[in-house]
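Note sheet for the following structure.
Both backbone and side-chain heavy atoms feed into the values below; hydrogens, waters and symmetry mates do not. If you read the sequence from its start, that first residue is 1, and numbering goes on from there.
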Amino acid sequence: MSTGAAFFPGASTAYRYDGRYPGLMQEINCCVTHTTEGTSLPDYDGGISAPSSTLLPDIPAKKIKVYAHFPADMSARALVDNPNTEVRTNRNNAHQVELVGSCDPARRISWGTRKAGVDYIYWPDAPDWALREYAVYLAWLFTEHNVPLVSTPRPWLAYPGSYGNSRARMELDEWHAFKGHCGHMHVPDGNDHGDPGSMRMDLVIGYARALVSGEEPTPPTVPPTIPPAPARRRRPRAYRAIGL
């Protein structure tokens, strides 16, 4: 059974994939944040690996455009889903969001000829406006679908230390019971990606709570600089972009 609005207000439904890949209707209670490792809207191989929604920053306008690919309470397809285990990751009451941009420190300043903060967002250093824009989406998930505004107690590690079987990765029973917000780096059972890295989800959740309560959010603090842990280097996946 599903309740609440199916789509975020004002979201584009131009790239819906539920007709081609209908998912399981479920009562969502958690949200998984990914980064696309690209600079424009992906096509997700025709929808076969699409999340619930993609959030595309409009940097000059300091706004985020939401593209809804599946109804909010329908299972999406952006996680590795092991059919041989009791808990199916994509179908574990999980809503999934892809943030267009990167979490790879190699792209902190530039990405080829593109400049971070001008042509794309490096999410661990995302500007405050982008975090607040994402917070609006999280506040909507709470208001419409009661997704708790809490983070996993697991760390949000910097990439590439977040890749593979890191200390951020949940155990299977932990994932099964989880409610709230986590990243792709936290999801177990065949998932090894390290996105969205060390982005400030503490601030995003704090801003979302303030929106829901009507209170003024606490000003952001600068986190200590922690170098990425040495690890086997493998970039998060990158998708082919849709021409807009």
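Side-chain atoms of Ser151 and Asp202, non-hydrogen and from C-beta on, never get closer than 4.5 Å to each other. In this structure, the side chains of Tyr122 and Asp125 come closer than 4.5 Å at one or more pairs of heavy atoms. Side-chain contact between Ile48 and Arg77: present, with at least one pair of heavy atoms (C-beta onward) separated by less than 4.5 Å. Leu141 is listed as a side-chain neighbour of Ile28, based on a closest heavy-atom distance under 4.5 Å. Contact check for His184 versus Thr33: no side-chain heavy atoms found under the 4.5 Å cut-off. Between Ile121 and Val100, every side-chain heavy-atom pair lies at or beyond the 4.5 Å cut-off. Taking the side chain as every heavy atom from C-beta outward, Tyr44 and Glu98 approach each other to under 4.5 Å. Asn92 is listed as a side-chain neighbour of His176, based on a closest heavy-atom distance under 4.5 Å.
Phe178 and Trp175 have parallel rings, their planes meeting at less than 30° on a 0 to 90° scale where 60° marks the start of perpendicular.
Atoms CE and CH2, from Met201 and Trp123 in turn, are 10.0 Å apart once rounded to the nearest 0.5 Å. Taking CG of Leu99 as the start and CD of Glu133 as the end, the distance is 12.0 Å to the nearest 0.5 Å. Distance CG/Leu79 to CG/Asn191: 5.0 Å, rounded to 0.5 Å. Taken to the nearest 0.5 Å, the OH atom of Tyr21 stands 13.5 Å off from the OG atom of Ser75. Asp18 contributes atom CG, which lies 11.0 Å from atom NE2 of His69 (distance to the nearest 0.5 angstrom).
In this structure, the side chain of His145 engages the main chain of Ala5 through a donor-acceptor pair within 3.5 Å. For Asp73 (side chain) and Gly4 (main-chain N/O), no donor-acceptor pair under 3.5 Å exists by modelled atom type. In this structure a side-chain-to-backbone donor-acceptor pair under 3.5 Å is present from Arg169 to Val187.
Heavy-atom minimum distance, Phe7 versus Arg16: CZ-CZ, 3.5 Å. Scanning both residues, Cys103 and Pro196, for their nearest heavy atoms gives CB-O, 3.3 Å. Annotation for Leu157 and Arg167: closest pair CD2-NH2, 3.4 Å, computed over non-hydrogen atoms. The two residues Thr152 and Cys182 have their closest heavy-atom pair at CG2-CB, 4.0 Å.
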Under 3.5 Å, which donor-acceptor pairs do the side chains of residues 112-120 form with other protein atoms, sequence neighbours left out?
| residue | atom | partner | partner atom | Å |
| --- | --- | --- | --- | --- |
| Asp119 | OD2 | Lys115 | N | 2.8 |
| Tyr120 | OH | Arg107 | O | 2.5 |
| Tyr120 | OH | Ser110 | N | 3.4 |
| Tyr120 | OH | Ser110 | O | 3.3 |
| Tyr120 | OH | Trp111 | N | 3.4 |

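A ring-ring contact (aromatic ring centres under 6.0 Å, His included) with Phe8 holds for exactly one of Phe70, Tyr67, Tyr134, Tyr137; it is Tyr137.
The pair Arg132-Asp128 meets the salt-bridge criterion, since a charged nitrogen lies less than 4.0 angstrom from a carboxylate oxygen. Contact check on Glu174 versus Arg154 returns a salt bridge, with a Lys/Arg side-chain nitrogen under 4.0 Å from an Asp/Glu carboxylate oxygen.
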